[in-house]
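Below is one structure, written out as structure tokens; comments come after it.
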Amino acid sequence: MPELPEVETIVRDLRQDIVGRTIMAVRFLNRTIWRRGAPAKRLLIGARISSLERRGKNILIILSNGRVMIVHLKMTGRLTYQGSSDQMRKHTHLVIDLDFGQIRFNDTRRFGYLDLVRPDEIDRLDYLSVLGPDALFISREDFVMMVRSKKRIIKSLLLDQSILAGMGNIYSDEALFVAGINPRRVSASLSRERAGRLHQAMIAVLNKAIGARGSSMNDYVDARGEKGSYQDQRLVYGREGQPCKKCGRKIKRETIGSRSSHFCASCQR
DNA sequence: GACAACCTGACC
DNA sequence: GGTCAGGTTGTC
């Protein structure tokens, strides 16, 4: 699925394309994608899109009537804006007609979900309030303290959204490679210096990936239906058996915390 | 921490 | 046929 850079790219695109537009009609093609059942259409129709926000991997669409639509794309979700006449893809579950163009939510595997909440609910939602600080904005000091205070396999810790929001499998592997840290290392065993290096690597990788408009390994496309290009510059993810870009030895793939992990056993200690 | 579950599709 | 996939949640 989309990780932080992909979600950030979609949010930035949609800010350009749909802020100020008015919802004219809504089509629920599949009601099961709503976390708590499909909302009344009158809560959406007539509202204007005021702004967009990202919280971890969640997309928040704030409406002029105060309601907030929350979208999580999970593995194969797509949130796109296009002309109303564009051909409808298979697995499109929601269509929102705007005064110009339309928003579509498409999700092959149907792991993704939507929610529509009242403004007063937003800060009490369990699935948002559980999120840790955003991976892109956590300070070096806080990051180092967090890493060294937990006794967790570092790869799993990076993926834990309640500790750090936004990191996913690709960018965790990439950041650990850049920092030269073995994914199996226990977080508390890292020196301040190495934990700081990981913080720096993580933010550099995320920003580079945002610059490349995300990674399109399989399904990901941005809000305009275009692929990202970070997959062309990844250093370890999906490169099992290929030469390490630093030392030339073969990149390994092992399962860590039931996620596949890619790393160089020689460069990452 | 390990694993199954939620789903579909691509690939071997 | 089996395996794997950018995620998360719930159960041992």
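Everything numeric here is computed off the predicted structure, so don't read it as measured data. Chain letters run A, B, ... following the sequence lines, proteins first, then strands; residues in each count from 1.
Listed by first and then second residue, the ring pair (Phe, Tyr, Trp, His ring centres under 6.0 Å) pairs that reach into residues 240-269 of chain A are A:Tyr237-A:His262, sequence neighbours excluded.
Take A:Asp232 and apply the salt bridge (charged side-chain N to carboxylate O under 4.0 Å, His left out) test, not counting sequence neighbours, and it matches no residue. Listed by chain and residue number, nothing satisfies the salt bridge (charged side-chain N to carboxylate O under 4.0 Å, His left out) test with A:Arg269 (two or more places apart in sequence, or in another chain).
Atom pair A:Leu73:CG and C:dT8:P shows a separation of 11 Å (rounding to whole Å applied).
Nucleic acid contact for A:Asp219: base, since at least one base atom lies under 4.0 Å from a heavy atom of the residue. Nucleic acid contact for A:Thr108: sugar-phosphate only, since backbone atoms but no base atoms lie under 4.0 Å from a heavy atom of the residue. A:Ser156 comes within contact range of no nucleotide atom at all, as no heavy-atom separation falls under 4.0 Å. Note on A:Arg78: nothing from the nucleic acid sits closer than 4.0 angstrom, heavy atoms only.
Along DNA chain B, the stretch of nucleotides lying under 4.0 Å from any heavy atom of chain A spans, 5' to 3', B:dG1 to B:dG9.
Using P as the reference atom, B:dG9 and C:dT8 are 22 Å apart when rounded to the nearest Å. Rounded to whole Å, the separation between the C1' atoms of B:dC6 and C:dG1 comes to 22 Å. Nucleotides C:dA5 and B:dG1 have their C1' atoms positioned 22 Å apart, rounded to a whole Å.
Proximity of A:Thr92 to A:Val95: side-chain heavy atoms (C-beta onward) are separated by under 4.5 Å at one or more points.
Side-chain N/O atoms of A:Gln87 and A:Arg89 include no donor and acceptor closer than 3.5 Å. Donor-acceptor pairing under 3.5 Å is lacking for the side chains of A:Tyr127 and A:Gln161.
Base pairing in DNA chain B gives the following stems of 3 or more Watson-Crick or G-U pairs, range against range and under 3.5 Å: B:1-6 with C:7-12, B:8-12 with C:1-5.
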Show me, pair by pair, the donor-acceptor contacts under 3.5 angstrom made by side chains of residues 246-255 of chain A, not counting sequence neighbours?
from     : atom 1 : to       : atom 2 : distance (Å)
A:Lys246 : NZ     : A:Phe177 : O      : 3.2
A:Arg249 : NH1    : A:Ser266 : OG     : 2.9
A:Arg253 : NE     : A:Glu240 : OE1    : 3.1
A:Glu254 : OE1    : A:Arg184 : NE     : 3.2
A:Glu254 : OE1    : A:Arg184 : NH2    : 2.7

